[in-house]
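Below is one structure; the comments refer to it alone.
Keep in mind that the numbers below use all heavy atoms, side chains included, and drop hydrogens, waters and symmetry copies. Order of appearance sets the numbers: ligands from 1, and atoms from 1 within every ligand.
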Amino acid sequence: MAPNIPCKKSRTSCVFLVLLSSVLCIVTTSAELQRFEHPTKEDGSLSFLVLGDWGRRGEFNQSEVAFQMGRVGEKLDIDLVVSTGDNFYDNGLSSEHDTAFEESFTKIYTQKSLLKQWYSILGNHDYRGDAEAQLSPLLRKIDSRWLCLRSFIVDAELADILFVDTTPFVNMYFTSTEDHTYDWRGIPSRKAYIQTLLKDVELALKMSSAKWKIVVGHHAIRSIGHHGDTQELIKHLLPILQANDVDFYMNGHDHCLEHISDIKSGIQFLTSGAGSKAWRGDMKNEEGLNKQGQRVNFFYDGQGFMSVQLNPTRAEIAFYDVFGNVIHSWTTSKLLHLIM
Ligand SMILES: *[C@@H]1O[C@H](CO)[C@@H](O)[C@H](O)[C@H]1NC(C)=O
């Protein structure tokens with residue numbers, strides 16, 4: 001109990017103050033990110049697909065990419081799917097009754113191997129519509145695979161997958177010159193929202209005992225695609241990832257597939273934002289990245305997706321094009337890191 005509450009008035013106001021203080025206590029300790037447990041396979045391994053920037057009612061090769069995801073998903077016996085945001089084009093969902101949800105999701109990703117839990121975050125295009133509609137439990141009733149929240153953790157035993165809402169970090173969306181409107185209803189104070197989120201991410205990473213630490217955001221930290229690096233994330237989020245042994249940062253936003261290594265920290269930046277419209281045809285200077293301690297291992301400007309296969313000592317990443325061909329793959333081992 002709280003013995004120091006000054007209680008000069010009646011006994012009831014005293015009781016009220018004690019109740020209030022315990023409510024406040026609950027509010028402050030529940031700042032931790034919401035956690036979802038996802039089981040691994042029996043042998044302790046986990047595999048999943050990562051897709052971004054996709055919902056266009058099947059157009060721009062969305063259906064072709066979906067078909068190949070189904071094939072690869074079956075081959076790898078995937079456990080779940082990660083969506084890196086920009087789930088519905090052009091302007092998110094207009095409400096939780098928007099038929100785009102079924103037309104761009106339920107009726108597109110129909111193959112058996114894709115009938116798994118999908119974990120999604122919001123992209124900047126999703127914030128242009130009714131952002132809260134995508135978070136609504138009603139969508140989970142329409143299609144039980146759907147789970148989209150602003151920021152949360154998937155605890156998959158050998159891996160912690162931390163989803164971070166990156167759109168509110170980006171200054172551009174808050175300037176008056178920006179010609180789109182954004183649904184900031186859930187974010188009354190941008191500064192407080194970002195500060196709390198960064199603290200939550202840091203705490204979650206510090207407390208994580210998982211073998212693999214994965215962070216997922218919509219915006220790239222490092223990218224040589226159309227949008228390029230996100231300076232706000234380099235400044236605020238990257239130092240936390242570097243200090244806490246994060247293995248992979250996965251994102252969308254740039255409509256391409258890419259793999260960039262942070263040489264010093266060993267973080268791998270993996271862009272999977274090629275779920276539908278791609279082929280922007282522009283690429284930033286790779287040399288600049290090499291100078292800053294990054295190595296560009298792979299860049300592909302067309303459609304496709306990524307797969308991740310994990311066991312306690314080994315991770316295998318692969319990228320696929322619209323025909324399902326592997327166009328880049330990479331493996332790493334935890335034991336090797338210890339020896340090196
Ligand atoms: C669909 O994919 C094929 C093969 O990569 C490509 O030639 C075509 O331009 C793509 N279509 C669209 C609309 O992007």
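- Taking the six-membered ring where the residue is Trp, W118 and Y109 present tilted rings, their angle falling between 30° and 60°.
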What do the steps show when you test Q62 against S104 for side-chain hydrogen bond (donor to acceptor under 3.5 Å, both in side chains), and what is the final call?
-> CA-CA 9 Å; Q62 187 195 354; S104 288; 4.6 Å; no
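- The aromatic rings of H255 and Y89 sit perpendicular, their planes meeting at an angle over 60°, well past the 30° parallel limit.
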For ligand 1, what N or O to protein N or O distances fall under 3.5 Å?
| residue | atom | partner | partner atom | Å |
| --- | --- | --- | --- | --- |
| ligand 1 | 2 (O) | N61 | ND2 | 2.2 |
| ligand 1 | 11 (N) | N61 | ND2 | 3.1 |
| ligand 1 | 14 (O) | Q303 | NE2 | 3.0 |

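- Just one residue in the list H38, K41, K116 forms a side chain to side chain donor-acceptor pair (under 3.5 Å) with D79, and that residue is K41.
- Remark: the Y249 side chain and the D262 side chain contain no N/O donor-acceptor pair separated by less than 3.5 Å.
- Classification of the W54-F105 ring pair by plane angle, with boundaries at 30° and 60°, yields tilted.
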